[in-house]
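What follows is one structure encoded as structure tokens, with my remarks underneath.
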Amino acid sequence: METRRGVSGQSPQLVTLEDITAAAGRIQDLVLRTPLIALPHPQRPDQVLHCKAESLQPTGAFKLRGAYNTIAQVLDQARENGVVAQSSGNHARAVAWLAHRLDLRAVIVMPDVAPPAKIAAVRALGAEVELVPSAQRDIRATELAAEGGYVHVPPYDDLRIIAGQGTVGLELMEQLPNVDVVLVPVSGGGLISGISTAVKALSPATRVIGVEPELAADAAQSFREGRRISWEPELTYRTVADGLRTPALGVHPWEHVQRYVDDIVTVSEEQIHVAMRHLALAGRLVAEPSGAVAAAAWLHDLVPAGDTVAAVVSGGSVEPSLLASVLQQEN
């Protein structure tokens, strides 16, 4: 990790390319190197979006990368005491899957409004699930870690998590070194922090742009105002993109976003649905709402045009009924 003088005048720790490269070696036995899928534009078929298909990970999302990078560095302690994590779904599933593979006890704190399919998937992997009101999710995980001695595997506000998620950017730059614009979903900020660190280290001219729902636009507001802003859960939980309902960027991600991210834009609920449908029909990729926001920004011309544009399809854990409804909609 590297310490630099931050925008606020303090000296934050920032993940480095070396940290991300080390994480890539650490996780390669269980994490898939995901492909790039070319998605044609519906009105301009000569233009394509290069989709980094993290929805194809064994647990359906990129979260496996950061979770494994974290657990692998404290594996002896995790074997002795177990692990605890908080998540609305994808991070929960990643930690539960790793616990199952590595023979660890896992307790997962999930909001009581999490999609039933995501809760069921976590329980099916053998993890204990504790459901709490949304506002209590982070607090309860911290309490359990203190009470039971569990290794805490946070969803985004951790340098090990950021380094693990940064392996998405490392792979992307190896697969598409001439990329002009990289679009990344934003929630707590771990994914865009890691990806932007890797991309800017390898190609400083490449623009990294975050995308989040209009109904959970705390990161976009923070970026515009130059200060970390939190939204209340009753606001963020309005969006269908359940994986992007985190009320604020994490402290560590905020430092990375300020230094490396070029812009953050927002998409509507309707635009998210359109992107889900186009990804499925034209790209053969099943994406949950959270996983489709980056593609939505490109489809609706909300980001600068570039000769080569890539987007992270960050997750594919969609409720079957929602997917069926979206596929039946007309663009």
Side-chain angles (χ1 to χ4, degrees), residues 1-2 4 6-8 10 12-16 19-20 23 52 54 61-67 69-70 85-91 94 137-138 141 153-169 172 182-201 207-231 233 235-236 239 241-267 290-291 293-294 297 311-312 314-315:
M1 308 300 170
E2 181 177 349
R4 297 181 183 174
V7 175
S8 64
Q10 300 175 344
Q13 275 193 297
L14 298 176
V15 166
T16 66
D19 296 322
I20 295 170
K52 182 65 169 162
E54 286 298 295
F62 73 95
K63 291 287 191 176
L64 190 61
R65 296 173 181 267
N69 186 51
T70 301
Q86 73 270 29
S87 168
S88 62
N90 286 330
H91 180 65
R137 190 190 72 167
D138 293 347
V153 187
Y156 53 86
D157 202 358
D158 185 281
L159 297 173
R160 298 164 299 179
I161 294 288
I162 292 171
Q165 319 305 27
T167 60
V168 177
L172 175 59
V182 178
L183 308 175
V184 187
V186 181
S187 181
L191 179 63
I192 196 168
S193 295
I195 288 178
S196 62
T197 298
V199 168
K200 291 297 186 178
R207 291 175 59 81
V208 179
I209 299 175
V211 187
E212 65 180 348
E214 291 177 353
L215 298 182
D218 57 279
Q221 184 181 358
S222 298
F223 191 85
R224 298 284 179 271
E225 298 187 15
R227 59 190 181 94
R228 184 169 161 265
I229 293 170
S230 178
W231 282 29
L235 294 178
T236 61
T239 180
D242 61 278
L244 305 182
R245 292 171 176 166
T246 302
L249 289 166
V251 174
H252 289 300
W254 173 235
E255 297 291 352
H256 290 75
V257 165
Q258 290 179 99
R259 185 171 295 276
Y260 297 124
V261 174
D262 295 289
D263 198 4
I264 298 178
V265 301
T266 62
V267 291
S290 305
V293 295
V312 180
S314 57

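For this chain, numbers begin at 1 and follow the sequence in order.
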Measuring only between side-chain heavy atoms, which start at C-beta, is Gln165 closer than 4.5 Å to Lys63? yes
For Ala297 and Val265, work out which heavy atoms get closest and say how close. CB-CG2, 4.2 Å
Apply side-chain contact (heavy atoms from CB on, under 4.5 Å) to residues Asn69 and Ile161 and explain how you reach the verdict. CA-CA 7 Å; Asn69 186 51; Ile161 294 288; over 6 Å; no
Heavy-atom side-chain proximity of Arg227 to Ser222 below 4.5 angstrom: no
For Ser87 and Gly89, work out which heavy atoms get closest and say how close. OG-N, 2.9 Å
Residues 212-220 side chain polar contacts: donor-acceptor under 3.5 Å, at least two apart:
unit_1 : atom_1 : unit_2 : atom_2 : d
Glu212 : OE2    : Ala219 : N      : 3.0
Glu212 : OE2    : Ala220 : N      : 2.6

Taken to the nearest 0.5 Å, the spacing of Ile195 CD1 from Tyr260 OH works out to 14.5 Å
Evaluate Val251 against Arg228 for side-chain contact (heavy atoms from CB on, under 4.5 Å), listing each step before the verdict. CA-CA 8 Å; Val251 174; Arg228 184 169 161 265; 3.8 Å; yes
Counting N and O atoms only, with roles assigned by atom type, does the side chain of His256 sit under 3.5 Å from a partner on the main chain of Val15, one being a donor and the other an acceptor? yes
Ile192/Val257 under side-chain contact (heavy atoms from CB on, under 4.5 Å): CA gap, chis, key distance, verdict: CA-CA 7 Å; Ile192 196 168; Val257 165; 3.9 Å; yes
Would you please test Phe62 and Val312 for side-chain contact (heavy atoms from CB on, under 4.5 Å) and show each step? CA-CA 9 Å; Phe62 73 95; Val312 180; 5.7 Å; no
Taking the side chain as every heavy atom from C-beta outward, state whether Leu191 and Val168 have any pair of such atoms under 4.5 Å apart. yes
With rounding to the nearest 0.5 Å, note down the distance linking CG in Leu235 to CZ in Arg245. 12.5 Å
Note, Leu249 side chain near Val186 side chain (heavy atom, < 4.5 Å): yes
Pairing residues for Thr239 by the side chain to side chain donor-acceptor pair (under 3.5 Å) criterion, not counting sequence neighbours: Glu269
Heavy atoms, side chains only, cut-off 4.5 Å: are Val261 and Phe223 in contact? yes
Ignoring hydrogens and angles, tell me if any N or O in the side chain of Asn90 forms a donor-acceptor pair with the backbone of Ala61 under 3.5 Å. no
Is it the case that the side chain of Asp157 and the backbone of His252 share a donor-acceptor pair, with hydrogens and angles ignored and the cut-off at 3.5 Å? yes
Atom of Leu244, atom of Pro185 and distance for their closest heavy-atom approach: CD2-CB, 4.4 Å
Measuring from Thr16:OG1 to Asp19:CG, what's the distance to the nearest 0.5 Å? 3.0 Å
Ignoring hydrogens and geometry, is there a side-chain-to-backbone donor-acceptor pair from Thr246 to Ala248 under 3.5 Å? no
Side-chain contact test, heavy atoms from C-beta onward, threshold under 4.5 Å: evaluate it for Val184 versus Ile209 and give yes or no. no
Could you tell me which residues satisfy side chain to side chain donor-acceptor pair (under 3.5 Å) with Ser314, sequence neighbours excluded, listed by chain and number? none
Residues which pass side chain to side chain donor-acceptor pair (under 3.5 Å) with Thr167, listed by chain and number, not counting sequence neighbours: Arg65
When you measure from the side chain of Ser187 to the backbone N and O of Gly243, does any donor-acceptor pair fall under 3.5 Å? yes
Gap between atom OG1 of Thr266 and atom CD of Gln221 - 0.5 Å precision: 11.5 Å
In chain order, what residues pass the side-chain contact (heavy atoms from CB on, under 4.5 Å) check against Arg224, with sequence neighbours excluded? Asp263
Is any side-chain heavy atom of Thr197 closer than 4.5 Å to a side-chain heavy atom of Ile20? yes
Contacts of Arg160 that satisfy side chain to side chain donor-acceptor pair (under 3.5 Å) - sequence neighbours left out: Asp158
Scanning both residues in full, the closest heavy-atom pair of Pro253 with Ser193 reads CA-OG, 3.1 Å
If every non-hydrogen atom of Ala67 is compared with every non-hydrogen atom of His91, which pair is closest and at what distance? CB-CE1, 4.1 Å
